[in-house]
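In listed order, ligands and their atoms are each counted from 1.
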Amino acid sequence: MIKSYIQENQQRFLDELFELLRIPSISADASFKYEVHKAAEYIQEKLIAAGADNVQLFPTPGFPIVYGEKIIDPKLPTVLVYGHYDVQPAVPLELWDSPPFEPEIRKTAIHPEGAIFARGACDDKGQVYMHVKAFEYMMAKHQMHCNVKFMIEGEEEVGSSNLGSFCIANKELLKADVVLISDTSMIANDVPSIDSGLRGLSYVEVEVTGPNRDLHSGVYGGAVANPINILAKMIASMHDENNHITIPGFYDAVQELTANERAELNKAPFELDAYQKDLEIDAVWGEKGYNTLERTGIRPTLDCNGIWGGYTGEGSKTVLPSKAFAKISMRLVPNQVSDEITALFKKHFESIAPAGVKVVVKPHHGGEPVVTPIDSVAYKAAEAAMETTFGKKPVPTRGGGSIPIVALFEKELGLKSVLFGFGLDSDALHSPNEHYGVFNYLKGIETIPYFFENFAKLKQ
Ligand code: BES
Ligand code: MN
Ligand code: MN
């Protein structure tokens with residue numbers, strides 16, 4: 001029945017998502033403030049149209065949280081659907097093959113049936129909108145088997161800094177049995193999977209200052225510490241010859257997997273050749289003793305996300321810069337704690353700074369890693385739903401990305417999450433040419449109602 005509903009409404013489902021994708025809701029860039037609000041209003045309008053009650057925009061010091069609910073019977077289980085309507089910046093625009101906020105469908109090798117190209121197509125507007133349309137179906141065809149509450153935020157891509165206090169202040173409103181989140185990836189369209197964990201994050205910005213002003217690199221070069229040279233060396237020193245991270249204590253809390261868990265994780269199909277080919281690299285890189293799946297799933301990492309300073313304009317300028325900067329992120333695994341890792345980083349970074357420079361470490365947002373159960377009723381409902389629509393049981397995997405608020409749901413609301421993602425890692429999230437398979441979008445809409453039905457049944 002859902003299948004025919006999708007067939008009949010497919011074009012409208014695409015058109016409505018396109019309209020949402022045309023709104024450049026970039027939360028990181030203050031010049032798009034108005035548009036971020038517009039996206040919230042669009043979700044609000046569509047939730048109302050689909051039949052949600054008590055739909056509201058809860059203001060925060062940042063962007064509003066869209067809330068809506070349908071309580072068909074307080075005695076039935078309640079699913080809290082979480083997602084985000086904000087997107088990452090689209091720059092550098094020149095690397096896009098079509099404008100990031102003018103969605104269009106193009107075929108790709110991985111998506112022969114076509115993929116929707118736009119910023120936010122997969123992360124997370126396309127995946128949020130699947131829930132709105134699945135809800136529309138359940139309402140229209142009287143297929144609501146559970147209560148549902150929607151909480152769609154607009155600050156995920158900038159650290160969800162206001163959602164935590166919203167949850168704490170609205171525990172009663174958000175009362176539910178499980179959180180359902182579509183904001184992660186599957187292994188492949190013919191290999192459905194469900195993430196059973198996400199990494200945490202510690203993010204810092206560093207500043208290295210040498211002389212009090214930019215200097216002539218001929219007059220002073222070689223005699224005064226160059227902050228860029230120093231910073232590059234400091235960053236490079238943070239991995240040893242085995243690509244282990246050298247910050248003292250960094251691995252202390254890391255939970256090693258048992259041989260069994262490791263074997264289980266490695267059951268997920270992974271083709272190194274295809275992986276390298278997709279990225280046009282001739283070798284992978286990483287911590288010795290672990291393979292690629294493990295390096296992104298269960299091991300912590302440290303990466304420089306951006307580095308700047310000195311002269312980067314046209315031509316050449318002979319200058320010994322006064323300052324150098326970098327943004328550095330660390331992905332964390334259980335049981336590392338974001339604030340503790342940030343403190344270890346700061347202490348280490350300050351300790352390796354040579355005489356002649358001053359360093360400042362500024363912490364940005366962070367988040368804790370999570371592991372979600374794969375023996376819960378909710379996981380089983382998700383598993384069975386995917387098995388119905390994909391014809392295959394999904395494999396549990398570990399996602400490399402972070403959704404910091406998931407740990408908070410557990411801590412503040414006492415709720416476990418199911419990471420019911422339908423994207424692919426190769427969908428270019430945060431990159432130019434982000435896209436989302438039309439197959440994935442429609443498959444998500446098809447699968448979600450089965451989750452609700454299964455959850456209601458299994459919960460009894
Ligand atoms: N949806 C992603 C996280 C994700 C993507 C998890 C793919 C698993 C697979 C989310 O929007 C995101 O980008 N999170 C940020 C962290 C946030 C604090 C900015 C991230 O992982 O970098
Ligand atoms: Mn996301
Ligand atoms: Mn994201």
Subject >> Identity of the nearest option to atom 9 (C) of ligand 1, non-hydrogen atoms only, from G399, G367, S185, G421 >> reply: S185
Original post:
Which one of T184, D425, D427 has a non-hydrogen atom at the shortest distance from atom 8 (C) of ligand 1?
Top reply: T184
**OP:** Would you check if the side chain of R398 reaches a backbone N or O of E294 as a donor-acceptor pair within less than 3.5 Å?
**Re:** no
Quick one: look at [X] and ligand 1, take heavy-atom pairs under 4.0 Å, and tell me if it's side chain, backbone, both or neither.
X: R398; answer: neither
X: L429; answer: side chain
X: P404; answer: side chain

**OP:** Sequence neighbours left out, what passes side-chain contact (heavy atoms from CB on, under 4.5 Å) with N242? Give chain and number order.
**Re:** D240, H244, K288
Regarding [X] and [Y], do their side chains bring together a donor and an acceptor under 3.5 Å, going by distance alone?
X: N440; Y: Q127; value: no
X: N260; Y: T258; value: no
X: S402; Y: R331; value: yes

Quick test of your reading of the model: are [X] and [Y] salt-bridged, counting only N-O distances below 4.0 Å?
X: R119; Y: E434; result: yes
X: R22; Y: E19; result: no
X: E207; Y: K362; result: no

Give yes or no for whether the N/O distance cutoff of 3.5 Å, strictly under, is met between [X] and ligand 1.
X: E157; result: yes
X: H365; result: no
X: D123; result: yes
X: E156; result: yes
X: H430; result: yes
X: S402; result: yes

Original post:
Does the ring of F390 carry K443 above it, NZ/CZ under 6.0 angstrom from centre and within 45° of its axis?
Top reply: yes
Subject >> Ring centers of Y441, F13 separated by less than 6.0 Å >> reply: no
Subject >> Proximal heteroatom of H430 relative to the Mn ion (ligand 3) (N/O/S) >> reply: NE2
Subject >> Numbered atoms of ligand 1 (with element) below 4.0 Å of H84, judged on heavy atoms >> reply: 11 (O)
Original post:
Hey, which atoms in ligand 1 end up nearer than 4.0 Å to a heavy atom of R331?
Top reply: 20 (C), 21 (O), 22 (O)
**OP:** Considering only non-hydrogen protein atoms, determine which one is nearest to atom 6 (C) of ligand 1 and report residue, atom name and distance to 0.1 Å.
**Re:** G401 CA, 3.7 Å
Subject >> Closest approach of any protein heavy atom to atom 4 (C) of ligand 1, naming residue and atom >> reply: D183 O, 3.6 Å
**OP:** Report, as yes or no, whether the 6.0 Å neighbourhood of atom CD on E94 holds more than 12 heavy atoms from other residues, nucleotides or ligands.
**Re:** yes
Original post:
Sequence neighbours excluded, which residues qualify as ring-ring contact (aromatic ring centres under 6.0 Å, His included) partners of H435?
Top reply: H111, F117
**OP:** May I have all residue pairs that pass ring-ring contact (aromatic ring centres under 6.0 Å, His included) and include part of residues 41-66, sequence neighbours excluded?
**Re:** H37-F63, F58-F166
**OP:** For the Mn ion (ligand 2), check which protein N, O or S atoms are under 2.8 Å away and list them.
**Re:** H84 NE2, D123 OD1, D183 OD1, D183 OD2
Subject >> Single hit among E35, K38, K125, H84 for side-chain hydrogen bond (donor to acceptor under 3.5 Å, both in side chains) with S25 >> reply: K125
